[in-house]
2 protein chains.
Amino acid sequence: MLKLSKKSEYALMALQSLGNLAAGERIAVPMLAEQRGIPKDLLAKVMQQLKRAGLVHSSQGVSGGYALARPLTAITFLDAVGPFEEALGLAPCVDRNSEGCDRADCCSLHDPMEALNRWLMAQLSTLSLAEFVAARPPVVHGCVKAPRQPTSMERRPLPCEA
Amino acid sequence: MLKLSKKSEYALMALQSLGNLAAGERIAVPMLAEQRGIPKDLLAKVMQQLKRAGLVHSSQGVSGGYALARPLTAITFLDAVGPFEEALGLAPCVDRNSEGCDRADCCSLHDPMEALNRWLMAQLSTLSLAEFVAARPPVVHGCVKAPRQPTSMERRPLPCEA
DNA sequence: CGAAACAGGACTGAAATGGTCCGATTTAGG
DNA sequence: CCTAAATCGGACCATTTCAGTCCTGTTTCG
Ligand code: SF4
Ligand code: SF4
C-alpha cells in the first residue's frame, strides 16, 4: 500500500541532487544517472515529467541540463511523487485517476476512507522535500552516502502524544 | 502509492461488519458478500487469511461463520491491512517482502526513506479500527450506508499545528 | 445422509510497472 | 556551418501483480 514507484524514487533522488547544486548550476541526465546507478533512459522520462509539473527547469543542447525551479523548501513530498503515482488514493472512491465507485453512496466504508485519505494527503503535503531529505554535503564521486542526521520526520509528534 | 488492494478493502468491510455483531453471534461469508455486493469467493479467501492472522475466529459446518477474535479497539489499521499488502514499505530497502537493496549503504535517500516509512507505520499502527470506522448502526438489508459522523481521524492534529 | 458452510490450491485475464529503443529537435563550441 | 551532446517524446516489450473464478475437500447441523 505504501510502495512508491521506481519513477517516484528516481524523482526524489534527482530532486535531492538538484538541491545541492550551486545557484545557476545545472546537471545533465547522464551524469545524474551514473551517480545514482540508475537507468538513464528512465530517468530522462522522469525529468521530463518533473519539468511538465513545473518543479524543474531545463536547458537543451550540449551542456544543457536541469535545475530546480524553486527551492526544496517550497516543494512538498506530494508534489514530487504525485506525477508518478497512478494510484495515489486509498480506494477508487477517493482517487483522482479512477472513475469513482458506484457503491460510494451505499458503503459504510466510504466516509472513513475519505477521512483517512484526506489526512494522509495532508501529511504528505505538509512535508517539504527539504525536511524529508535533509540535504547533505556534496556528492562524492560514485557514492552519495552521507553521515546520518536525525530528520525532521523523527521529531514529528505521534498523534497519540498530541 | 497509497492504494489498498481489494483484499484489504474487503477485509476492512468484513471487520466493520463483524464489529457490530452481538456477542456470540457469527456471520457467514455468503451473507457478508451479498450485503456488500462483493465477490463471495474472494471474500472467502480474505476471511481465511484474517483467521490465520488471528483477527477472527471461525466455526465450520452449516450455520458456521466468522466472529471477531478481539474487539475493534484492539485491532489496528495495520493489523487489518498488513496481511494483504504485498508491498507495505515505501521502497525495497525498507520492505519486509523484498530482498532489500544493494545500494542501501550508498544511497543518500535510504535514511530519509527509512525515517518516513517508520513514521507512517507508526501512524497506521496507532489507528485502531474502532477509530477508523466509527462503527455505526446495524446493517439495513442490501445497503449498509449510515448517517455521517465525524471520525476520530478528523480530529487528529496535523503536524503543522502541533 | 445431505445441505451449507469453511479450507485451500490451481488457474486465468487484465492491467500496471520498469525498462528499452529510436527518431527529432535544440544548442554550445570549434 | 557542422557536429556532438543534450533534452524531447512516442512506441514498444517483458515481467509481475491483481482480481477473480473454479474445483475439490472437510466439517457440522438438522
Ligand atoms: S465506496 Fe466503499 S467500496 Fe467503493 S471504493 Fe470507496 S470504500 Fe471501496
Ligand atoms: S536504498 Fe536508496 S535506492 Fe535502494 S531502495 Fe532504499 S532508497 Fe531506493
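Chain A is the first sequence line, chain B the second, and so forth, proteins listed ahead of strands; every chain is numbered from 1. Only a predicted model underlies this, so the values are computations on that prediction, with no experimental measurement involved.
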Output the rounded distance in Å from CE (B:Met47) to C1' (C:dG8). 15 Å
Among D:dG20, D:dC29, C:dG19, find the nucleotide with the atom closest to the side chain of B:Leu42. D:dG20
Short side-chain N/O contact from A:Ser58 to OP1 or OP2 of D:dC8, under 4.0 Å: yes
Looking across every strand, which nucleic acid part, if any, lies under 4.0 Å from A:Lys3 by heavy atom: base, sugar-phosphate, or nothing? sugar-phosphate
Between C:dT17, C:dG18, D:dC18, which nucleotide gets closest to the side-chain atoms of B:Glu86? D:dC18
What nucleic acid atoms does B:Tyr10 come within less than 4.0 Å of, heavy atoms only: base, sugar-phosphate, or nothing? sugar-phosphate
Whole angstrom value for the distance that separates P of C:dG18 from CD of A:Gln49: 13 Å
Select base, sugar-phosphate, or nothing to describe what A:Lys45 touches, counting heavy atoms under 4.0 Å on all strands. base
Name the residue closer to the 5' end of DNA chain D, choosing between A:Gln48 and A:Gly61 according to the nucleotide with the nearest heavy atom. A:Gly61
Separation of D:dC18 atom P from B:Glu9 atom CD, nearest Å, is 14 Å
Tell me the closest heavy-atom pair linking B:Leu32 and B:Ala14, and the distance in Å. CD1-CB, 4.1 Å
With a 4.0 Å cutoff (strictly under), does any side-chain N or O of A:Lys51 reach OP1 or OP2 of D:dC8? yes
Can you tell which of C:dA7, D:dT7, C:dA28 lies closest to the side chain of B:Tyr66? C:dA7
To the nearest Å, how far apart are B:Met31 CE and C:dA5 P? 8 Å
Nucleotide nearest A:Gln60 when distance is taken to its side chain, options C:dA28, C:dT27, C:dG18: C:dT27
Minimum-distance pair of heavy atoms, taken over all atoms of A:Met47 and A:Val56: O-CG2, 4.1 Å
Tell me the interatomic distance from B:Leu43, atom CG, to C:dA7, atom C1', rounded to whole angstroms. 14 Å
Among D:dG9, D:dT28, C:dT26, the nucleotide that comes nearest once only the side chain of A:Arg52 is considered: D:dG9
For A:Arg70 and A:Asp79: C-alpha separation, side-chain torsions, deciding distance, then whether side-chain contact (heavy atoms from CB on, under 4.5 Å) applies. CA-CA 12 Å; A:Arg70 53 181 199 261; A:Asp79 289 336; 3.4 Å; yes
Nearest to the side chain of B:Pro39, which nucleotide is it out of C:dA5, D:dA19, D:dG20? D:dG20
Student check: side-chain heavy atoms of A:Thr76 and A:Leu129 closer than 4.5 Å: no
What is the distance, rounded to the nearest whole Å, between atom CZ of B:Arg26 and atom P of D:dT28? 11 Å
Rounding to an integer number of Å, can you tell me how far A:Leu4 CG sits from C:dA16 P? 18 Å
Looking only at the side chain of A:Ser63 (C-beta and beyond, no hydrogens), which of the listed nucleotides C:dT17, D:dT7, C:dA28 gets closest? C:dA28
Nearest to the A:Lys6 side chain among D:dA4, C:dA7, C:dG18, which nucleotide is it? C:dG18
Upstream residue (5' side of DNA chain D) when A:Asp41 and A:Gly64 are each assigned their closest nucleotide: A:Gly64
Is the closest side-chain heavy-atom distance between B:Phe132 and B:Gln16 below 4.5 Å? no
Candidate pair A:Ser108 and B:Arg36, rule side chain to side chain donor-acceptor pair (under 3.5 Å), full reasoning: CA-CA 9 Å; A:Ser108 57; B:Arg36 317 296 291 228; 3.0 Å; yes
d(NZ, A:Lys40; P, C:dG18) in whole Å: 20 Å
